2 protein chains.
Amino acid sequence: MGRPTVTDIAREAGVSLATVDRVLNARPGVRDKTIAAVNDAIARLGYVRDMAAANLARGRNSRVAILLPDTQSQFVDTLHDAIGQEATLASAARMQVELVRYPGANMHVLAAILSDLVAGGISGVALMAPETPVVRDALRSVNAAGVPVVAMVSDLPNSGAAHYVGIDGYAAGRTAGLLMGRFLGAQTPRVMVIAQSMLLRDSIERRRGFDAVMLRDFPGIEVGQTLESHGAPEILQQVMREALSSSGPIGGIYLLGSGHRALAQVLSEMGLLGRVVTIGHELTPHTIAALQAGWLDAVIAQNVGHLARSTLRVLQAKVDQQPINESQERLRLEIILRENLPLTP
Amino acid sequence: MGRPTVTDIAREAGVSLATVDRVLNARPGVRDKTIAAVNDAIARLGYVRDMAAANLARGRNSRVAILLPDTQSQFVDTLHDAIGQEATLASAARMQVELVRYPGANMHVLAAILSDLVAGGISGVALMAPETPVVRDALRSVNAAGVPVVAMVSDLPNSGAAHYVGIDGYAAGRTAGLLMGRFLGAQTPRVMVIAQSMLLRDSIERRRGFDAVMLRDFPGIEVGQTLESHGAPEILQQVMREALSSSGPIGGIYLLGSGHRALAQVLSEMGLLGRVVTIGHELTPHTIAALQAGWLDAVIAQNVGHLARSTLRVLQAKVDQQPINESQERLRLEIILRENLPLTP
DNA sequence: CAAAATCTGAGGTACGTCAATCAGATGTAT
DNA sequence: ATACATCTGATTGACGTACCTCAGATTTTG
């Protein structure tokens, strides 16, 4: 005997196939008592719906959109590529993926794109965006239209996101802090924290986690204020010079977001490359090269392949109104050192 | 227009549905020229076979077996549970999983089980086992019967395994070495390496990787010979006493396999708990507790959930004679510290 | 050139589910 | 009691593919 089918349930519950179908698909026209009887039978037989057959029968070709900022960032580019790769595979599961880049500086455009997508009958939306009031309001109306929203990389807890796919920013910062403290060992120098900007929620959380561990476990190490580079090497150089001139030597640098190339340049000009413990985020061609070169000591990353797959799986589950396998979708925080770099195919 | 179907191909190639079917399923009775014409049409239309519908039509309920040793090991237990969990999910994909524990000390029994499974018409086999001659011969005859074999955790390169699911033992050892060196910092004490036994391939590879990095990057640190505990705390205690009495203080301990509980006991009795840098392998209740307690500094692990899912996916792909998404199946080597412990669900 | 072998077409049933229809059955208000 | 609304059963045709049969066409072989 194979798996039980709807026919088995109908027999077991003593109702017709049509009724089972109505219960399974939450269609109206069934008494509560009958619904209970069917659900009982389902539980007794351990029935699991054959989603493949269901989708086949539905002939439903759901359309979902994934929105990424068009920021000049290798991480976002890598993520874009990863999603593109998985999207072709997702089409086998009757899901068509639209990958859209929106101007990272203008949330009003993002809001407009979202309302267009909803008007166009999109079935689900995933996006990586900061939680500004404009975005929040836009997402609320997406939600109101019954379209599930999945937050990527940076959570959107107050916008009614159905799910968050990404790592815990606070834990990422704590891990960076622990590594920084352990790598510095007996030394207790100053540590610099550098960000492109502190607007994104995950940067803030990382900083918080970093500070928490440094304060608790390595009180001898002095951590400076966050230096914001806004992506420009010149500004970074300037603020670093200022920070350096203020007092004592720098022993460690924690890079909250992107900007590894700029940092390498500045460090190199200052003769510090490879002489300070440096910890960064996200695995990109730049950070991989930096790890191999030896001047970057550790990278805290999230696996973009998993991120992409998880996003698509969650989207599909939400669209199909299916439950989510939480343990499968929980992204692990990865620590990458020189010796456990992924093979580069 | 949705995706092209077999009917579209038949029209495009100017042949009948039956012929397309014969070509798709490599059934005999089609001229080479016709085969080429059909394949042309497939390429032109960008047809991708709907595996869901295909399996549905086949009604095939493949049966696969997963063989784990019955060793007293929390890692194997955790893996067992993870596979069990995923197996219920896999049944949705028409795959029935038989989870078998074989006596870890007797490879002849494993060989007998394998031949029984093959005789019983199993479609695929995955196993975690050392590559002894008995095992190798048994697997070769499994292969000869056309049943794909997937190696788990420890590779079986000379037994014709169709795929290996697990982390790179050499890289794992290198990573442990790097962490050990960095955590020890300026100190250059002696480091002990402890294993339950050096029979398993992955223990040997880890040790090789560890030595490679220590020798290259931390030449000041002296690494002792591998102490084998054979799972008994008494033996471990004895060999540790001997090692300690020989010369100088111990600064670090690298635990190649299981035995964290025994080590904790011995270290605690010797008043060394928390005073030596300790690095171990695999995430289990014991190692999690040890990380939280603070005496274990790092764990190199493979995600058992991913391992289980990957094994089942690879098995299914092999059984269906489908290609494998290599990048999805490549298990990442995880570094777990106190601050990035997974949330306990 | 006929017989045999090989190839191809046409058509059907099945897989598990969805979605729709129509005909009864039961219950509820007037 | 009649009309009506609400529930339920039985049946059917998709969805895309597999696999089977049988008949007819084409090629190869003797």
Side-chain angles (χ1 to χ4, degrees), chain A residues 1-39 41-42 45-62 91-96 123 319-322, chain B residues 1-39 41-42 45-62 91-96 123 319-322:
Chain A
M1 272 289 294
R3 304 168 32 197
T5 74
V6 274
T7 318
D8 299 322
I9 297 172
R11 201 182 335 99
E12 178 80 11
V15 300
S16 81
L17 226 90
T19 304
V20 175
D21 179 66
R22 286 191 259 259
V23 173
L24 280 178
N25 296 289
R27 272 190 270 276
V30 187
R31 255 181 312 171
D32 289 357
K33 217 179 70 184
T34 316
I35 294 179
V38 172
N39 282 329
I42 289 176
L45 295 177
Y47 168 79
V48 266
R49 195 206 208 106
D50 186 333
M51 282 310 288
N55 285 329
L56 174 60
R58 276 200 193 93
R60 166 200 291 166
N61 272 39
S62 54
S91 78
R94 307 198 151 54
M95 189 167 69
Q96 195 187 326
S123 320
V319 170
D320 290 352
Q321 307 203 35
Q322 282 280 104
Chain B
M1 274 288 294
R3 307 169 26 195
T5 72
V6 275
T7 320
D8 298 322
I9 298 173
R11 201 182 333 100
E12 178 79 11
V15 300
S16 81
L17 226 89
T19 304
V20 175
D21 178 66
R22 287 189 259 260
V23 173
L24 279 177
N25 297 288
R27 272 189 270 275
V30 187
R31 256 181 312 171
D32 289 358
K33 218 179 67 183
T34 316
I35 293 179
V38 172
N39 283 328
I42 289 175
L45 295 177
Y47 168 80
V48 268
R49 198 205 207 104
D50 185 334
M51 282 310 287
N55 284 329
L56 175 60
R58 276 200 191 93
R60 166 201 289 167
N61 270 40
S62 53
S91 78
R94 314 201 141 54
M95 188 167 69
Q96 196 187 327
S123 320
V319 170
D320 289 353
Q321 306 203 36
Q322 283 280 104

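A, B, ... follow the sequence lines: proteins, then strands. Residue 1 opens every chain. Because the structure is a prediction, the values reported are computed rather than measured.
- The CG atom of B:D8 sits 13 Å away from the C1' atom of D:dC15 (whole-angstrom rounding).
- A distance-only check finds no donor-acceptor pair linking the side chain of B:D21 to the backbone of B:L17 [under 3.5 Å].
- Put simply, CD1 on B:I9 is 12 Å from P on D:dG16, counting in whole angstrom units.
- B:L24 has its CG atom 13 Å from the C1' atom of D:dC19, to the nearest Å.
- Across every non-hydrogen atom of B:L45 and B:P4, the tightest pair is O-CG, 3.5 Å.
- Going from atom CG of B:L24 over to atom CD1 of B:I35 covers 11.0 Å, rounded to the nearest 0.5 Å.
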Take nucleotides 6-12 of chain C nucleotide by nucleotide from the 5' end and write B, S or -, depending on whether a protein heavy atom sits under 4.0 Å from the base, only from the sugar-phosphate, or from neither.
-> -SBBB--
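- Scanning all heavy atoms of the two residues, the minimum distance from B:I9 to B:Y47 falls at CD1-CG, 3.3 Å.
- Note: OH (A:Y47) to C1' (C:dT17) measures 7 Å, nearest angstrom.
- The shortest heavy-atom contact between A:A13 and A:V38 is CB-CA, 4.0 Å.
- One can place CG of B:D21 at 15 Å from C1' of C:dC15, the figure rounded to the nearest angstrom.
- Atom CZ of B:R31 and atom OG1 of B:T19 lie 10.0 Å apart (nearest 0.5 Å).
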